[in-house]
Amino acid sequence: MVLLAGGGALYAVVVIGLGASPWATDVGYQPQQPVEFSHARHVAQLGLDCRYCHSTVEQAGFAAIPPTQVCMNCHTGILPESPKLALVRQSAATGMPIEWVKVHDLPDYSYFNHSAHVNKGIGCVSCHGRVDQMDIVRQTQPLSMAWCLDCHRAPEQHLRPADQITNMAWKPPNGDQLKLGLELKAHYGIRDATYMTSCSTCHR
(Lines give C-alpha, C1' and ligand atoms only; values in the text may rest on other atoms or scores of the structure.)
Protein backbone atom coordinates (compact mmCIF):
# COMPACT_ATOMS: atom_id res chain seq x y z
CA MET A 1 0.00 0.00 0.00
CA VAL A 2 2.85 2.38 0.87
CA LEU A 3 4.53 1.49 -2.41
CA LEU A 4 1.31 2.20 -4.30
CA ALA A 5 0.85 5.58 -2.59
CA GLY A 6 4.49 6.50 -3.17
CA GLY A 7 4.24 5.46 -6.81
CA GLY A 8 1.07 7.53 -7.25
CA ALA A 9 2.70 10.59 -5.72
CA LEU A 10 5.78 10.17 -7.90
CA TYR A 11 3.57 9.76 -10.98
CA ALA A 12 1.67 12.97 -10.14
CA VAL A 13 4.89 14.94 -9.62
CA VAL A 14 6.36 13.70 -12.91
CA VAL A 15 3.19 14.25 -14.96
CA ILE A 16 2.45 17.69 -13.52
CA GLY A 17 6.10 18.73 -13.57
CA LEU A 18 6.66 17.64 -17.15
CA GLY A 19 3.28 18.93 -18.28
CA ALA A 20 4.12 22.45 -17.15
CA SER A 21 7.75 22.38 -18.22
CA PRO A 22 9.17 24.10 -21.33
CA TRP A 23 9.78 20.59 -22.70
CA ALA A 24 6.02 20.08 -22.97
CA THR A 25 4.89 23.65 -23.62
CA ASP A 26 7.59 24.61 -26.13
CA VAL A 27 8.41 27.85 -24.30
CA GLY A 28 11.70 28.98 -25.80
CA TYR A 29 11.12 27.16 -29.10
CA GLN A 30 13.07 29.19 -31.66
CA PRO A 31 13.50 27.43 -35.00
CA GLN A 32 15.82 28.71 -37.67
CA GLN A 33 13.86 30.02 -40.63
CA PRO A 34 14.79 29.52 -44.30
CA VAL A 35 15.34 33.28 -44.61
CA GLU A 36 16.88 35.48 -41.92
CA PHE A 37 13.99 37.79 -41.12
CA SER A 38 14.46 40.07 -38.14
CA HIS A 39 11.27 41.40 -36.56
CA ALA A 40 13.46 43.68 -34.46
CA ARG A 41 14.76 45.33 -37.65
CA HIS A 42 11.45 45.52 -39.50
CA VAL A 43 9.13 46.38 -36.58
CA ALA A 44 11.20 48.24 -33.98
CA GLN A 45 13.66 50.00 -36.29
CA LEU A 46 11.64 50.48 -39.48
CA GLY A 47 8.19 50.77 -37.88
CA LEU A 48 6.28 48.16 -39.88
CA ASP A 49 2.87 47.36 -38.40
CA CYS A 50 2.19 43.67 -37.73
CA ARG A 51 -0.80 43.83 -40.08
CA TYR A 52 1.30 44.77 -43.10
CA CYS A 53 2.58 41.20 -43.26
CA HIS A 54 -0.06 39.36 -41.21
CA SER A 55 -2.85 40.98 -43.17
CA THR A 56 -5.74 38.68 -42.26
CA VAL A 57 -5.37 38.89 -38.47
CA GLU A 58 -8.38 41.20 -38.07
CA GLN A 59 -10.69 39.33 -40.44
CA ALA A 60 -9.81 35.65 -40.15
CA GLY A 61 -8.96 32.93 -37.71
CA PHE A 62 -5.48 32.58 -39.18
CA ALA A 63 -2.90 35.38 -39.16
CA ALA A 64 -1.63 34.97 -42.71
CA ILE A 65 2.01 34.32 -43.43
CA PRO A 66 2.91 36.94 -46.04
CA PRO A 67 3.36 35.78 -49.62
CA THR A 68 6.72 36.50 -51.21
CA GLN A 69 5.30 39.48 -53.09
CA VAL A 70 4.85 41.30 -49.78
CA CYS A 71 8.60 41.00 -49.22
CA MET A 72 9.30 42.09 -52.78
CA ASN A 73 7.15 45.20 -52.39
CA CYS A 74 10.13 46.63 -50.55
CA HIS A 75 13.03 44.45 -51.58
CA THR A 76 12.67 45.02 -55.30
CA GLY A 77 14.34 48.35 -54.56
CA ILE A 78 15.90 47.80 -51.11
CA LEU A 79 18.89 45.45 -50.93
CA PRO A 80 17.81 43.78 -54.21
CA GLU A 81 21.12 41.89 -54.55
CA SER A 82 21.59 40.85 -50.92
CA PRO A 83 22.71 37.19 -50.60
CA LYS A 84 20.38 36.90 -47.59
CA LEU A 85 17.43 37.46 -49.91
CA ALA A 86 18.41 34.92 -52.54
CA LEU A 87 15.61 32.52 -51.54
CA VAL A 88 13.11 35.39 -51.60
CA ARG A 89 14.12 36.33 -55.14
CA GLN A 90 14.01 32.68 -56.19
CA SER A 91 10.52 32.33 -54.73
CA ALA A 92 9.38 35.45 -56.57
CA ALA A 93 10.80 34.17 -59.84
CA THR A 94 9.44 30.62 -59.61
CA GLY A 95 6.19 31.20 -57.76
CA MET A 96 7.14 28.54 -55.21
CA PRO A 97 6.38 29.71 -51.65
CA ILE A 98 9.03 29.95 -48.97
CA GLU A 99 8.62 27.16 -46.44
CA TRP A 100 8.52 29.15 -43.21
CA VAL A 101 8.62 27.15 -39.98
CA LYS A 102 5.58 27.67 -37.75
CA VAL A 103 6.55 28.78 -34.24
CA HIS A 104 3.23 29.10 -32.40
CA ASP A 105 1.47 25.84 -33.20
CA LEU A 106 -1.66 24.90 -31.27
CA PRO A 107 -2.97 21.32 -31.27
CA ASP A 108 -5.54 20.52 -33.95
CA TYR A 109 -8.21 19.89 -31.30
CA SER A 110 -7.99 23.51 -30.10
CA TYR A 111 -9.97 26.15 -31.96
CA PHE A 112 -8.35 29.58 -32.00
CA ASN A 113 -9.49 32.60 -33.96
CA HIS A 114 -7.10 35.55 -34.23
CA SER A 115 -9.78 38.01 -35.31
CA ALA A 116 -11.97 37.19 -32.30
CA HIS A 117 -9.10 38.15 -30.02
CA VAL A 118 -7.61 41.24 -31.67
CA ASN A 119 -11.05 42.74 -32.32
CA LYS A 120 -11.86 42.38 -28.64
CA GLY A 121 -8.76 44.10 -27.33
CA ILE A 122 -6.13 41.39 -27.00
CA GLY A 123 -2.78 42.71 -28.24
CA CYS A 124 -0.25 40.68 -30.18
CA VAL A 125 2.22 40.91 -27.29
CA SER A 126 -0.09 39.04 -24.90
CA CYS A 127 0.44 35.76 -26.73
CA HIS A 128 3.57 36.35 -28.80
CA GLY A 129 5.73 38.40 -26.44
CA ARG A 130 7.95 41.27 -27.56
CA VAL A 131 8.37 40.07 -31.13
CA ASP A 132 9.49 43.59 -31.99
CA GLN A 133 12.69 42.85 -30.04
CA MET A 134 13.38 39.44 -31.61
CA ASP A 135 15.81 38.80 -34.43
CA ILE A 136 14.58 35.21 -34.47
CA VAL A 137 11.01 34.67 -33.28
CA ARG A 138 10.62 32.39 -30.27
CA GLN A 139 7.67 31.16 -28.28
CA THR A 140 7.45 33.03 -24.97
CA GLN A 141 4.17 31.68 -23.57
CA PRO A 142 3.12 28.08 -22.89
CA LEU A 143 -0.11 28.30 -24.94
CA SER A 144 -1.45 25.58 -22.66
CA MET A 145 -5.09 25.10 -21.72
CA ALA A 146 -4.44 26.42 -18.21
CA TRP A 147 -2.70 29.49 -19.61
CA CYS A 148 -5.60 30.23 -21.98
CA LEU A 149 -8.16 29.73 -19.20
CA ASP A 150 -6.35 32.19 -16.94
CA CYS A 151 -7.01 34.88 -19.53
CA HIS A 152 -10.55 33.71 -20.31
CA ARG A 153 -11.46 33.91 -16.63
CA ALA A 154 -10.11 37.45 -16.25
CA PRO A 155 -9.67 39.07 -19.70
CA GLU A 156 -9.66 42.53 -18.11
CA GLN A 157 -6.06 41.87 -17.09
CA HIS A 158 -5.01 41.94 -20.75
CA LEU A 159 -7.43 44.18 -22.66
CA ARG A 160 -6.25 47.31 -24.44
CA PRO A 161 -7.77 49.92 -26.78
CA ALA A 162 -8.31 48.79 -30.36
CA ASP A 163 -5.78 51.29 -31.70
CA GLN A 164 -3.05 49.82 -29.48
CA ILE A 165 -3.38 46.16 -30.51
CA THR A 166 -0.10 46.06 -32.42
CA ASN A 167 1.76 48.50 -30.15
CA MET A 168 3.92 46.10 -28.18
CA ALA A 169 5.30 48.79 -25.90
CA TRP A 170 1.86 50.09 -24.84
CA LYS A 171 1.13 50.46 -21.12
CA PRO A 172 -2.22 51.40 -19.53
CA PRO A 173 -2.58 55.06 -18.51
CA ASN A 174 -1.54 55.56 -14.88
CA GLY A 175 -0.65 51.87 -14.75
CA ASP A 176 -4.25 50.97 -13.89
CA GLN A 177 -4.85 47.93 -16.11
CA LEU A 178 -7.74 46.59 -14.03
CA LYS A 179 -9.84 49.78 -14.19
CA LEU A 180 -9.29 50.22 -17.92
CA GLY A 181 -9.69 46.50 -18.55
CA LEU A 182 -13.11 46.39 -16.88
CA GLU A 183 -14.23 49.41 -18.91
CA LEU A 184 -13.00 47.82 -22.12
CA LYS A 185 -14.60 44.49 -21.24
CA ALA A 186 -17.98 46.24 -21.13
CA HIS A 187 -17.17 48.27 -24.26
CA TYR A 188 -16.23 45.18 -26.28
CA GLY A 189 -19.24 43.23 -24.98
CA ILE A 190 -17.11 40.35 -23.75
CA ARG A 191 -19.26 37.60 -22.29
CA ASP A 192 -19.04 36.28 -18.76
CA ALA A 193 -16.70 33.54 -17.62
CA THR A 194 -19.36 30.83 -18.10
CA TYR A 195 -19.12 31.16 -21.87
CA MET A 196 -15.44 32.00 -21.88
CA THR A 197 -14.55 28.81 -20.01
CA SER A 198 -17.04 26.50 -21.72
CA CYS A 199 -15.41 23.49 -23.34
CA SER A 200 -17.14 24.18 -26.66
CA THR A 201 -15.64 27.67 -26.90
CA CYS A 202 -12.23 26.21 -27.75
CA HIS A 203 -13.01 22.56 -28.56
CA ARG A 204 -15.48 22.31 -31.44
Side-chain angles (χ1 to χ4, degrees), residues 25-27 29 33 37-44 46-67 70-71 73 100-134 137-173 175-204:
T25 62
D26 280 341
V27 170
Y29 177 56
Q33 298 291 349
F37 179 89
S38 169
H39 280 77
R41 168 73 58 82
H42 289 79
V43 179
L46 300 178
L48 286 185
D49 187 283
C50 304
R51 293 163 294 194
Y52 180 74
C53 296
H54 304 291
S55 57
T56 63
V57 72
E58 294 176 306
Q59 294 87 31
F62 182 66
I65 302 299
V70 171
C71 305
N73 287 344
W100 300 102
V101 181
K102 192 169 186 178
V103 178
H104 303 85
D105 194 10
L106 291 177
D108 291 341
Y109 54 77
S110 296
Y111 173 78
F112 180 86
N113 186 307
H114 272 89
S115 65
H117 287 76
V118 300
N119 289 318
K120 295 291 186 177
I122 297 296
C124 307
V125 71
S126 291
C127 300
H128 298 292
R130 291 299 301 267
V131 175
D132 60 321
Q133 298 176 349
M134 299 180 192
V137 173
R138 67 184 177 281
Q139 184 173 320
T140 64
Q141 302 295 338
L143 309 183
S144 64
M145 180 174 171
W147 180 80
C148 293
L149 283 172
D150 282 345
C151 187
H152 277 213
R153 290 187 181 108
E156 59 273 8
Q157 299 290 349
H158 303 277
L159 299 177
R160 55 177 61 200
D163 62 353
Q164 299 297 330
I165 295 300
T166 63
N167 179 0
M168 297 193 175
W170 179 84
K171 300 291 182 188
D176 196 346
Q177 174 62 48
L178 182 58
K179 180 178 184 293
L180 178 63
L182 289 171
E183 292 172 357
L184 288 172
K185 185 177 178 181
H187 171 73
Y188 290 128
I190 295 173
R191 302 193 209 182
D192 62 21
T194 303
Y195 170 78
M196 296 283 284
T197 58
S198 169
C199 301
S200 61
T201 300
C202 302
H203 303 293
R204 302 182 177 187

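Computed from heavy atoms alone, side chains included, the values below leave out hydrogens, waters and symmetry copies.
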Can you tell me how far apart [atom1] ([X]) and [atom2] ([Y]) are? Round to the nearest 0.5 Å.
| X | Y | atom1 | atom2 | answer |
| --- | --- | --- | --- | --- |
| Asp26 | His104 | CG | NE2 | 10.0 Å |
| Met168 | Cys124 | CE | SG | 5.0 Å |
| His152 | Trp147 | NE2 | CH2 | 9.0 Å |
| Arg191 | Lys185 | CZ | NZ | 13.0 Å |
| Gln141 | Cys148 | CD | SG | 10.0 Å |
| Lys120 | His187 | NZ | NE2 | 9.0 Å |

Any donor-acceptor pair under 3.5 Å linking the side chain of [X] with the backbone of [Y]?
| X | Y | result |
| --- | --- | --- |
| Ser115 | Val57 | no |
| Asn113 | Ala116 | yes |
| Thr56 | Ala64 | yes |
| Gln177 | Glu156 | yes |
| Thr197 | Ala193 | yes |
| Gln33 | Val101 | yes |
| His114 | Phe62 | no |

From the list Leu184, Leu178, Leu182, side-chain contact (heavy atoms from CB on, under 4.5 Å) with Leu180 holds only for Leu184

Begin with the C-alpha distance, continue with both residues' side-chain angles, and end with the deciding distance and a verdict on side chain to side chain contact (heavy atoms under 4.5 Å, CB included) for Met196 and Thr201.
CA-CA 7 Å; Met196 296 283 284; Thr201 300; 5.8 Å; no

Decide yes or no for [X] and [Y]: does some side-chain heavy atom of the first lie under 4.5 Å from some side-chain heavy atom of the second?
| X | Y | result |
| --- | --- | --- |
| Ile122 | Ile165 | no |
| Leu159 | Glu183 | no |
| Val125 | Arg160 | yes |
| Val43 | Val131 | no |

Return the orientation label for the Phe37 and Trp100 ring planes: parallel under 30°, perpendicular over 60°, tilted otherwise.
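Rings of Phe37 and Trp100: perpendicular, over 60°.
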
When the ring planes of Tyr109 and His203 are compared, do they come out parallel, tilted or perpendicular, using 30° and 60° as the limits?
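If you compare the ring of Tyr109 with that of His203, the planes turn out tilted.
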
Does the side chain to side chain contact (heavy atoms under 4.5 Å, CB included) test come out yes or no for Asn73 and Tyr52, once each step is laid out?
CA-CA 11 Å; Asn73 287 344; Tyr52 180 74; 3.2 Å; yes

If every non-hydrogen atom of [X] is compared with every non-hydrogen atom of [Y], which pair is closest and at what distance?
| X | Y | result |
| --- | --- | --- |
| Ala63 | His54 | O-ND1, 4.0 Å |
| Cys127 | Leu143 | O-CD2, 4.3 Å |
| Pro161 | Trp170 | CD-CZ2, 3.5 Å |

Compute the ring centroids of Phe112 and His117, then answer whether they are less than 6.0 Å apart.
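Centroid separation for Phe112 and His117: below 6.0 Å.
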
